[in-house]
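Quick note: numbers below take in every heavy atom, side chains included, and nothing from hydrogens, waters or symmetry partners. Computed from a predicted model, the values in this text were never measured in an experiment.
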Amino acid sequence: MCGIVGIVGKSNVNQALYDALTVLQHRGQDAAGMVTTQNGRLFLRKDNGLVRDVFRTRHMKELIGNVGIGHIRYPTAGSSSSAEAQPFYVNSPYGITLAHNGNLTNVKQLAQEIYQSDLRHVNTNSDSEVLLNVFAHELSTRGKLQPTEEDVFAAVTRVHERCRGGYAVVAMITGYGVLGFRDPNGIRPIVFGQRHTDAGVEYMIASESVALDVLGFTLIRDLAPGEAVYITEDGQLHTRQCAANPVLTPCIFEHVYLARPDSIIDGISVYKARLRMGEKLADKILRERPEHDIDVVIPIPDTSRTSALELANRLGVKYREGFVKNRYIGRTFIMPGQAERKKSVRQKLNAIELEFRGKNVMLVDDSIVRGTTCKQIIQMAREAGAKNVYFCSAAPAVRYPNVYGIDMPSVHELIAHNRSTEEVADLIGADWLVYQDLEDLIDSVSGGKIKIDQYDCAVFDGVYVTGDIDQQYLQRIESERNDFELAGEQVNHATIGLHNS
C-alpha cells in the first residue's frame with residue numbers, strides 16, 4: 001500500500017506534490033520521492049524517510065516545472081533499501097518516470113522476459129521498476145519520434161496483457177504528459193480530478209480523493225479497472241479502457257484500514273462504510289449476548305474510532321477515549337519488522353486509568369492481523385484496572401496472506417490462521433472476542449453509485465481474484481520473506497556489535 005500522485009499544472013507543481021504526498025503519508029512511511037520536468041529536463045529527489053524529512057527547502061527549490069509525479073512508499077518484504085525509493089526512471093524512450101502502488105504476482109517471469117527478450121536491465125528488486133520497463137518497452141515498439149495518446153494507450157494495453165496482480169500507476173513521459181492507469185481488476189485505488197485557475201485547467205491523479213480535496217481539486221471520478229487517463233503537458237485530457245475483460249474487484253481492506261476516512265473510493269465513502277461496520281458489529285453482539293455487561297466502548301486510535309462510536313450508539317453504551325496516542329509514532333501495522341512493531345506499541349499509546357478502573361471494557365480495533373498490538377493493548381487495559389476486557393474487530397479474521405501490495409505474506413504471522421475465535425481470544429488475552437462477519441463487511445462497503453461486481457477479500461476467505469495464485473506461489477513468497485527477515489536480523493546484530501566496540 002503506497003501513495004501515488006501526478007499533476008499537470010500551469011505553474012510549478014513542487015509544493016502541490018509535497019502537500020499531496022503529506023496527505024497520503026498514512027499509506028507509507030518508509031520513503032518518499034518526487035520528479036518534475038521543465039524544458040525537457042528532469043528534476044528528481046527521493047530517499048528513505050517521511051515526506052517532511054526527504055524534502056528540504058534546498059530540494060524544493062530545485063524541483064521546478066509545471067508537471068510532475070510523486071510517491072510515498074510502504075515496503076513489502078525484501079524492499080526496504082533507499083535504492084528502491086520511487087519514482088523510477090528509464091531514459092528510453094523519451095525519458096519515462098513511474099510510481100506504483102500494488103504488487104505484481106508474475107514479477108519473476110516478467111524480469112526474465114525483460115532481460116532475455118526486451119534486452120533491458122533491472123537494477124533493483126522492486127516490481128515497480130519491472131513494470132516501468134515493461135511499459136517503456138511496449139511504448140518503444142510503436143517507433144514514434146513523438147508519441148500520441150493512441151501510442152500511450154496501446155502500450156498500457158500491452159502492460160495489462162503482460163502484467164498480473166494489483167497495481168495503480170502514475171507515469172510521466174518527459175515533454176509529453178502524465179499517465180495514470182489501474183489494473184484490470186481495479187484492486188488498488190486511483191482517482192483523478194481538476195481545478196480551474198486564472199491560467200487554465202489543472203489536472204491531478206492520486207491514490208485517494210482526499211489528496212484532491214485538500215489541494216482544491218474537484219474529483220472527476222475513479223479510474224475504472226483497466227482504464228488509463230493521459231493528460232498532455234498542454235492540458236488535454238484523454239481516457240481509454242485498455243483491458244480486454246475488466247472486472248471491478250477492489251481491495252476491501254482499503255475501507256477497513258488503509259484509506260483515510262474522508263476519502264471516497266469507487267463511489268463509497270470510507271467514513272460511512274466504517275459507520276456501518278460499527279452498526280453490524282453491534283447487531284452481532286446483541287444477537288450473541290443480548291444481556292451483555294459492557295460498561296464502556298473504547299476505540300484503539302485512530303482507524304477504529306468511527307466504527308467504535310457507531311457501535312456504542314447502537315448498543316446504548318458509553319463511548320470514551322481511553323487511550324492517548326503519541327502522534328509522532330508511525331502506524332504499527334506498516335512498520336517493516338515485527339520487532340519494531342512490538343517495541344512501538346507502548347510508546348504509541350498510553351491508557352487513561354479513569355476510563356478503565358473497575359469497568360467491563362469493550363475495545364474496538366479495525367482488524368487483528370498479527371495480534372502483537374492488541375495483546376499488548378489488552379494487557380495495558382488490565383493494568384489500568386479493567387474488570388473484564390472484551391475485544392471487537394471491525395473486520396473478519398485475517399487468515400490468509402495478501403499478495404496485492406499489503407505486507408502480510410506469511411500465514412505464520414497471522415494469529416487467526418487455522419485457529420478458532422476462542423483460541424485467538426485466549427492468545428491475545430481477551431475475555432471475549434467478536435469478529436465482524438464477512439457478509440456484514442461486504443454489506444457495509446456496498447450501496448454506492450458504482451456497481452462493484454465483487455471485492456478482493458483474499459485475506460479473509462483465501463480467494464485470489466487474479467486467478468494465478470497457488471500454494472506454490474504462497475510458499476515461495478513466505479520463503480523469500482523469511483530469508484529477508486533473517487538477513488535483516490543479521491545486519492542488526494552486526495550493527496549492535498559495531499556500536500558496542
K46 side chain to P87 main-chain N or O, any donor-acceptor pair under 3.5 Å? yes

CG of L281 to OG of S393: how many Å apart, nearest 0.5 Å? 7.5 Å

No-hydrogen, no-angle side-chain donor-acceptor test under 3.5 Å, D468 and T105: yes

Considering residues, nucleotides and ligands other than R52, do more than 12 of their heavy atoms fall under 6.0 Å from its CZ? no

Which atom of C374 lies closest to which atom of I428, heavy atoms considered: SG-CG2, 3.7 Å

Should we count NZ of K387 as having more than 12 external heavy atoms under 6.0 Å? no

Please check: side-chain N/O of D437 versus main-chain N/O of E439, any donor-acceptor pairing under 3.5 Å? no

Below 4.0 angstrom, N of the basic side chain to O of the carboxylate: do D431 and R382 qualify? yes

Where do T218 and L212 come nearest, in terms of heavy atoms and distance? O-CD2, 4.3 Å

Quick one: sort the H255 and Y455 rings into parallel, tilted or perpendicular, breaks at 30° and 60°. perpendicular

Any sub-3.5 Å donor-acceptor pair from R195's side-chain atoms to F217's backbone N or O? no

May I ask you to test the Q454-I442 pair for a side-chain heavy-atom distance under 4.5 Å? no

Does the side chain of D365 reach to within under 4.5 Å of the side chain of C392, using non-hydrogen atoms? no

Rounded to the nearest 0.5 Å, how far does CG of L275 lie from OG of S444? 10.0 Å

Go through it in stages, so that I can follow the logic: the residues are L427 and I415, the test is side chain to side chain contact (heavy atoms under 4.5 Å, CB included), and I'd like the CA-CA distance, side-chain angles, deciding distance and then a yes or no. CA-CA 8 Å; L427 284 171; I415 194 169; 4.0 Å; yes

Sub-3.5 Å donor-acceptor pair from the side chain of D183 to the main-chain atoms of Y167, do we have one? yes

Measuring only between side-chain heavy atoms, which start at C-beta, is L363 closer than 4.5 Å to I378? yes

About how many Å separate CG of N350 and CG of N326, when rounded to the nearest 0.5 Å? 10.0 Å

Starting from the C-alpha separation in whole Å, work towards a yes-or-no answer on salt bridge (charged side-chain N to carboxylate O under 4.0 Å, His left out) for K318 and D295. CA-CA 7 Å; K318 290 180 181 177; D295 295 316; over 6 Å; no

When you look at NZ of K272, are more than 12 heavy atoms from neighbouring residues, nucleotides or ligands closer to it than 6.0 Å? no

Might you work through the side chain to side chain contact (heavy atoms under 4.5 Å, CB included) test for N360 and I294, ending with a clear yes or no? CA-CA 5 Å; N360 296 323; I294 302 169; 5.6 Å; no

Test log, rule salt bridge (charged side-chain N to carboxylate O under 4.0 Å, His left out), inputs R370 and E413: CA-CA 6 Å; R370 298 167 176 87; E413 291 184 42; 2.9 Å; yes

If I take atom CZ from residue R419 and atom OG1 from residue T421, how far apart are they, to the nearest 0.5 angstrom? 12.5 Å

According to the ring-ring contact (aromatic ring centres under 6.0 Å, His included) rule, which pairs have a member within residues 346-367, sequence neighbours left out? F323-F356

Side-chain touch F181/E227, heavy atoms, less than 4.5 angstrom: no

Carboxylate-amine/guanidinium contact D443 K280, below 4.0 Å: yes

Output yes when R27 and E254 qualify as a salt bridge under the 4.0 Å nitrogen-oxygen rule, no when they do not. yes

For residues E321 and I298, determine if any side-chain heavy atom of one lies less than 4.5 Å from a side-chain heavy atom of the other. no

Apply the salt bridge (Lys or Arg N to Asp or Glu O under 4.0 Å) test between D266 and each candidate in R182, K451, R221; give the one that qualifies. R182

Are side-chain N/O atoms of Y390 and D293 paired as donor and acceptor at under 3.5 Å? yes

Polar side-chain atom of D366 near backbone of T303 as donor-acceptor pair, under 3.5 Å: no

Between R314 and E310, is the closest basic N to carboxylate O distance under 4.0 Å? no

Would K375 count as a cation-pi partner of F391, with NZ or CZ less than 6.0 Å from the six-membered ring centre and within 45° of the ring normal? no

Are there more than 12 heavy atoms of other residues, nucleotides or ligands under 6.0 Å from atom CG of D470? yes

Residue pair R399 / F460, side-chain heavy-atom distance below 4.5 Å: no

Would you confirm whether E423, through its side chain, and S420, through its main-chain N or O, come within 3.5 Å as a donor-acceptor pair? yes

Please step through side chain to side chain contact (heavy atoms under 4.5 Å, CB included) for the pair L474 and V411, ending with a clear verdict. CA-CA 9 Å; L474 296 176; V411 294; 6.0 Å; no

Which heavy atom of A259 sits nearest a heavy atom of I265, and at what distance? CB-CD1, 3.6 Å

Would you find a donor on one side and an acceptor on the other, under 3.5 Å apart, between the side chain of S209 and the backbone of I264? yes

With a 4.5 Å cut-off on side-chain heavy atoms, are D213 and D262 touching? no

Exam field: side chain S263 to backbone E208, donor-acceptor pair closer than 3.5 Å: no

Tell me if a side-chain donor or acceptor on Q25 pairs with a main-chain N or O of L50 at a distance below 3.5 Å. no

With the side chain counted from C-beta on, respond yes when N101 and P189 share a heavy-atom pair under 4.5 Å apart, and no when they do not. yes

Looking just at side-chain N and O atoms, do H100 and Q86 make a donor-acceptor pair shorter than 3.5 Å? no

Looking at D440 and K284, is there a salt bridge between them, counting it only when a charged N and a carboxylate O are closer than 4.0 Å? no

Side chains of T466 and Y404: donor-acceptor distance under 3.5 Å anywhere? yes

dist F88:CZ -> T97:OG1 (nearest 0.5 Å) comes out at 12.0 Å

Rounded to the nearest 0.5 angstrom, the CD1-NZ distance for I300 and K348 is 9.5 Å

Short question: side chain of S307, backbone of R274 - any donor-acceptor pair under 3.5 Å? yes

Is there a side chain to side chain contact (heavy atoms under 4.5 Å, CB included) between V191 and I205 once you walk through the steps? CA-CA 6 Å; V191 299; I205 305 168; over 6 Å; no

How close do N14 and M60 get, counting heavy atoms only, and between which atoms? ND2-O, 2.8 Å

What pair of heavy atoms forms the shortest contact from F55 to G33, and how long is it? CZ-C, 3.6 Å

Minimum heavy-atom distance between T239 and V229, given as atom pair plus value: CG2-CG2, 3.9 Å

